[in-house]
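To start, the structure under review is shown below, and the notes come after it.
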Protein chains: 2
Amino acid sequence: MERSEDLTPEQEQALLKARKRVIETIGNNMELYGITQSTGHLYGLLFFQNKPMTLDEMGRAMEMSKTSMSTGVRTLVDLKMVNKVWEKGSRKDLYEVELDWFQTFADFFSLKWRKAAEMNLHALRRTKSELQELAERYAGDEAFQHQLQADLSKIDEAIRYYIWLNRLIETFESGEIFKLVPKDMG
Amino acid sequence: MERSEDLTPEQEQALLKARKRVIETIGNNMELYGITQSTGHLYGLLFFQNKPMTLDEMGRAMEMSKTSMSTGVRTLVDLKMVNKVWEKGSRKDLYEVELDWFQTFADFFSLKWRKAAEMNLHALRRTKSELQELAERYAGDEAFQHQLQADLSKIDEAIRYYIWLNRLIETFESGEIFKLVPKDMG
DNA sequence: CCGTTCGTACAGTTATTTCTGTACAAAGTA
DNA sequence: TACTTTGTACAGAAATAACTGTACGAACGG
C-alpha cells in the first residue's frame, strides 16, 4: 500500500484486512481467465493501489521475485487487464489496473474467444469441404454416404454455432452488448 | 469409429483423416473451458461418434487408461458437455456429446461464470460494508477518509460490473440471449 | 451365493508448470 | 566512455497436475 497518505498503523492494518478478502476472492476466480492464482493475486493487489506500481514494489508486496512479477504483469498487460503507464522522472516501468471492468471483460472475449472461434470455424469449414469431396468421389456407396452425411450435419450445426459466437463477440467489441443488456437497469 | 456400417479401410482412413483436423483444433481450444488438452481431445472423439461410447472404447481409441477416461468423461459430464445415456441390455455406462452447442455454451457460463460472479460480488459487498464501518469509526481523520473513499468508489464500480455480468448470464440461462443476438441472422 | 464385470479411489510415477537466481542487454547518467 | 539501473531470457529447482496400475466395492448373472 502506498504510504504517502500517512495512516496510523492501526488504520493501515484495518484497511489491508478489508482489502484482503476482495483480493483473494477475485484472485482465486481469475483462473476463469486462464491465469495463474498468483497472477490473479497480483491483479488484486494492483486493483487497490491508487498509484501505478513498479516491479520492485510488487515483488516486495507479494514477497516474490522480480522475475515472477515481470512475467505476471506481462500476462495481465497482454490481456489488457493492466496498463503500462509513463511517469516523467521515473526510469522504471509503471503499471496500473484497467478499472473499467466492462471493457476488460469485452477485451478478454475479443482476445481469447474470438481467436478460438475463428480457428475452430476454419477447421470445420476445411473438413466440411473435404467430406463433400469424399461424398462426390464415392457417390455410389450408400454406407459411406450415410456416415458422411451424419458427420456433415454435425459440422453444419457446429458452424452455425460459431457464426453466432462470432456475432456475440462482435457485440462485445462494438459495445452493442450494453445496448442489449444495459449496464444499469432502468 | 463405430464399425457397424462396414466401410472399406480406404474410406475409413479418409474419414478419420478428415475428422482429425476438427478433433484436434477443437480439443486444443477447449482449454478456454478450463479443461485439459487430452479431455478436449476426448470430447472431439465423442463428437463424431454416432453411437454412445463406453469407457473401454474411449480408452482404446485414445490409447489411454480407463482411469483417465473415467475422470475425463466425468469432467465433461459435470460441464454438461457430455451426457450419460442408458441403453437396455448394457451394463456399461454410455456417454455421448451434447450436440446443442448453444446450450453447452450457456450451461458453461451458468456453471462457471455465475459461480465466480456471485463469489466476487459477495466479497465485494462484505468488504464494502466493512469499509463503511471504518469510515464511521474514524469520521474525523481526513487522510484515512480519503483512502477509504478511493477504495469504496472502486468497489462500487466493480459491484456494478458484477450485477451486469449476472444479468448477462441470466440471458444465457433463460435463452433470452438468442432473442437479443439471434442464432441465424435475418 | 459365487463368479464376473464395471467404474472409480488411491498411491505412485511421469510430465508440465511455476518460480527463482544469475546473467546480460538496453538505456540512462555522469 | 565507464558506471548504474532496469527488465527479461534462460536454466535449474520446486511445486502441481496429469496419467497409470492396482485394488476394491457395487451390481448383475448364473
Side-chain angles (χ1 to χ4, degrees), chain A residues 23-24 27-46 49 51-79 81-96 112, chain B residues 23-24 26-46 49 51-79 81-97 112:
Chain A
I23 290 176
E24 292 191 347
N28 287 340
N29 287 129
M30 293 248 285
E31 61 193 72
L32 275 180
Y33 293 96
I35 71 183
T36 242
Q37 189 166 1
S38 71
T39 303
H41 195 260
L42 173 60
Y43 179 85
L45 174 74
L46 286 169
Q49 227 54 34
K51 294 206 184 318
M53 219 175 177
T54 68
L55 292 179
D56 289 302
E57 289 167 339
M58 295 175 208
R60 225 172 299 128
M62 299 273 296
E63 297 183 42
M64 285 178 73
S65 71
K66 197 160 89 163
T67 303
S68 293
M69 297 302 99
S70 177
T71 59
V73 96
R74 180 212 288 274
T75 303
L76 294 170
V77 168
D78 287 348
L79 287 172
M81 292 178 172
V82 162
N83 298 312
K84 195 177 197 166
V85 295
W86 288 103
E87 206 166 82
K88 62 183 174 184
S90 174
R91 271 207 288 146
K92 305 192 181 196
D93 293 355
L94 293 161
Y95 300 91
E96 67 185 0
K112 294 278 199 176
Chain B
I23 291 176
E24 292 192 346
I26 289 179
N28 287 340
N29 287 129
M30 293 247 285
E31 62 193 74
L32 275 181
Y33 293 95
I35 71 182
T36 241
Q37 189 166 4
S38 71
T39 303
H41 196 261
L42 173 61
Y43 178 85
L45 173 74
L46 287 169
Q49 228 55 32
K51 294 206 183 319
M53 220 176 178
T54 68
L55 291 180
D56 288 302
E57 289 167 340
M58 295 175 210
R60 225 172 298 128
M62 299 273 296
E63 299 182 43
M64 285 178 73
S65 71
K66 196 159 91 161
T67 303
S68 293
M69 297 302 98
S70 176
T71 59
V73 97
R74 178 211 289 273
T75 303
L76 293 170
V77 168
D78 287 347
L79 287 172
M81 291 177 174
V82 161
N83 299 312
K84 195 177 198 167
V85 294
W86 289 103
E87 207 166 82
K88 61 182 175 184
S90 172
R91 272 211 285 147
K92 304 192 182 194
D93 293 355
L94 293 161
Y95 300 91
E96 67 184 1
V97 291
K112 294 279 198 174

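We name chains A, B, ... by the order of the sequence lines, and we start the count at 1 in each one. On a predicted model such as this, the values are computed, not experimentally measured, just so you know.
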Original post:
So which one's nearest nucleotide on DNA chain C is more toward 5', Thr36(A) or Arg91(A)?
Top reply: Thr36(A)
Original post:
Between Asp93(B) and Glu63(A), which is nearer to the 5' end of DNA chain C once each is assigned its nearest nucleotide?
Top reply: Asp93(B)
**OP:** On DNA chain D, check which nucleotide each of Lys66(B) and Asp56(A) is closest to and give me the residue with the more 5' one.
**Re:** Asp56(A)
Value in whole Å for how far the [atom2] atom of [N] lies from [atom1] of [X]:
X	N	atom1	atom2	value
Asp78(A)	dT8(D)	CG	P	11 Å
Lys92(A)	dT6(D)	NZ	C1'	8 Å
Leu42(A)	dC19(C)	CG	P	11 Å
Gln37(A)	dT17(C)	CD	P	17 Å
Ile35(B)	dT16(C)	CD1	C1'	18 Å
Lys88(B)	dA27(D)	NZ	C1'	20 Å

**OP:** Using a cut-off of strictly less than 4.0 Å, decide whether Ser65(B) has a side-chain nitrogen or oxygen near OP1 or OP2 of dT20(D).
**Re:** yes
Original post:
Under 4.0 Å between a side-chain N/O of Thr71(B) and OP1 or OP2 of dC19(D), yes or no?
Top reply: no
Side chain of [X] only, heavy atoms from C-beta on: which candidate in [options] is closest?
X	options	answer
Thr67(B)	dC19(D), dA9(C), dT20(C)	dA9(C)
Met64(B)	dT20(D), dC19(C), dT8(D)	dT20(D)
Ser70(B)	dT5(C), dT8(C), dT5(D)	dT8(C)
Ser38(A)	dC19(D), dC19(C), dG7(D)	dC19(C)

Original post:
For the side chain of Thr36(B) and the backbone of Ser38(B), is there at least one donor-acceptor N/O pair under 3.5 Å apart?
Top reply: no
**OP:** Find the distance between CE (Met30(B)) and CG (Leu42(B)) and round it off to the nearest 0.5 Å.
**Re:** 8.5 Å
